Amino acid sequence: MSARVITITSGKGGVGKTTATANIGAALASLGQRVACIDADIGLRNLDVVMGLENRIVYDLVDAVEGRCRLKQAMIKDKHIPNLFLIPSAQTRDKTAVSPSDMIRLCNELRPDLDWIIIDSPAGIERGFKNAIAPADQIIVITNPEISAVRDADRIIGIVEAEEKGSPQLILNRLNPEMVKQNNMLSADDVVDLLAIHLLGIVPEDKAVLISTNQGTPIAMEDKNLAGKAYQNIARRLLGEEIPLLDLDKGIGFFNRISSVFGSGD
Amino acid sequence: MQAKEIEIKGIKNGILIEIKDGDWKDQEEALLDHIDQNQGFFKGAKLVLDVGSRALNSPFLSALRNSLSDRDIKLKAILSTSLVTERASQDLGLEIKMDESSPEPEKSPINSILDGEEAVFLRRTLRSGQKVEYHGHIVVLGDVNPGADLAAGGNIIVWGRLRGVVHAGAGGETEAVVCALDLSPTQLRIADKISVSPPRKGKTRPEIARLENGQVIAQDWFEYH
């Protein structure tokens, strides 16, 4: 068995690459898959924080690449799921510490013992991004329903296609169905129309996602949360299951009902 | 006659004068004499002076420059194999190389060949950051996304949504047109005219944009046709 390498990228910063990496990793691992998440954002590491593993870091990606440790030593086991690992990036170095061929070598070394390798790409289209996509079998572009983010996603898709990495798949993050209804936000159709790639999933906007990333517990572990459910579905789709997109309107209706029961104002 | 020590050549942006070995004062005098005798030729000229290996420091050069500028000649550059001269020239703000570049290579205009019917056909989505330039026509079967850039000497036809920047008739061809199933470019140029799309109202229809009385106008294809 050889692991499949997926790189999550976006072009623009702050659209949810790291959150998606942590959640898809957790969701796949909770389905029994052996998963390693790699933080390729050298110099600005934060996947470890989102996964709640910051205090366990001894060695990092650059240590492994430069031979200061064995690769296994740089793999941190998750707190909740035993078959989920993190390879953190170095905080004190920069993108030039690693080359695309280092990344390919590293992934090839990991492949035999895993089912999935998920790489969290840095923002931008420079060295760090090239490092992140070099070993990828499949690229997932994540974007927000926001014109600047979609524009950058489009650029990234163009570059990925030019590198002959195949057509990437799309995750639309932080969609707010209410705002779409009021014509204040691009709809999923608008975005998919423009980008013209396969839609892997839509993750609704939800404060609980922010709370969970701050707490270092992926939202994908919570079945009752719609965003968590969306990540679980994305993981299942990656495993080849046919799962329809969540009906976000229904979800919102459900939450509205709850909030009206409790008289909550938000 | 002393003038035989002075060699004069026409160069691209002025006159190149080579000064042979010999006492600098004599040579300078000979040069100025020669200029005075041929005022009509030298007036307003830009001069490049090749002084060979002679070491000249700035007082000499600035004296010469003043004498030349009295005669309405601009001393542009000093060529020399001497470091002293080069440095002095630089101190005076003179160039130390002949301007080799051909007279201002105009940003090569795309040659239009409207009736040559040469075209490039693209069957894909043109994405942000992608640019296509072609001297003939450009035909796209697919979308042109915002941030993409097309420039054609001739016409541009987009069988899809046109949302990027397009320039038809980029070589100045005012008869060039832009057609698209959904004509909503970020910016549309025909020849030297630039326009932006007004916000769309209602359903999208195939449209053609062209120049009419020096204005870019867009028209429903079926009304135009």
Side-chain angles (χ1 to χ4, degrees), chain A residues 7 9-15 121-130 133 139-172 183-199, chain B residues 120-134 138-152 156-167 178-189 194-207 209 218:
Chain A
T7 297
T9 187
S10 67
K12 190 174 181 296
V15 299
S121 156
I125 52 173
E126 294 86 15
R127 176 68 176 263
F129 163 72
K130 303 272 185 205
I133 64 165
I139 288 168
I140 294 177
V141 173
I142 183 162
T143 192
N144 295 159
E146 198 182 297
I147 289 173
S148 57
V150 174
R151 184 75 60 92
D152 288 358
D154 192 42
R155 177 99 170 92
I156 288 288
I157 295 164
I159 295 170
V160 169
E161 284 172 350
E163 302 239 333
E164 299 187 338
K165 287 278 174 193
S167 183
Q169 301 200 49
L170 182 69
I171 292 177
L172 181 56
N183 276 326
N184 288 328
M185 186 181 262
L186 294 172
S187 72
D189 283 345
D190 292 337
V191 176
V192 174
D193 259 8
L194 182 85
L195 298 179
I197 58 173
H198 178 253
L199 181 63
Chain B
V120 64
F121 177 72
L122 303 157
R123 187 174 184 160
R124 59 186 171 96
T125 303
L126 285 159
R127 299 189 180 275
S128 176
Q130 296 177 336
K131 186 174 170 113
V132 177
E133 277 183 16
Y134 191 67
I138 296 177
V139 181
V140 180
L141 182 52
D143 294 343
V144 178
N145 284 354
D149 200 338
L150 301 183
I156 294 175
I157 315 291
V158 178
W159 189 264
R161 301 184 194 93
L162 171 47
R163 292 169 181 171
V165 174
V166 288
H167 191 178
V178 177
C179 300
L181 291 185
D182 175 1
L183 186 73
S184 319
T186 311
Q187 195 186 84
L188 187 150
R189 303 180 201 169
I194 302 178
S195 67
V196 293
S197 309
R200 177 169 296 289
K201 297 183 206 93
K203 217 168 171 299
T204 59
R205 303 262 294 166
E207 284 183 301

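Each chain gets a letter, A, B and so on, in the order the sequences are listed, and its residues count up from 1. Values in this document were obtained by computation on a predicted structure and should not be read as measured data.
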Considering all heavy atoms, the nearest B/R161-A/D193 contact: NH2-OD2, 3.3 Å
For A/G158 against B/Q130, the heavy-atom pair lying closest together: CA-NE2, 3.5 Å
Candidate pair A/L194 and B/N145, rule side chain to side chain contact (heavy atoms under 4.5 Å, CB included), full reasoning: CA-CA 7 Å; A/L194 182 85; B/N145 284 354; 3.5 Å; yes
More than 12 heavy atoms of other groups within 6.0 Å of B/I194 CD1: yes
Proximity breakdown for B/R163 and chain A, heavy-atom pairs closer than 4.5 Å: side chain
N-O pairing of A/E161 and B/R124 below 4.0 Å: no
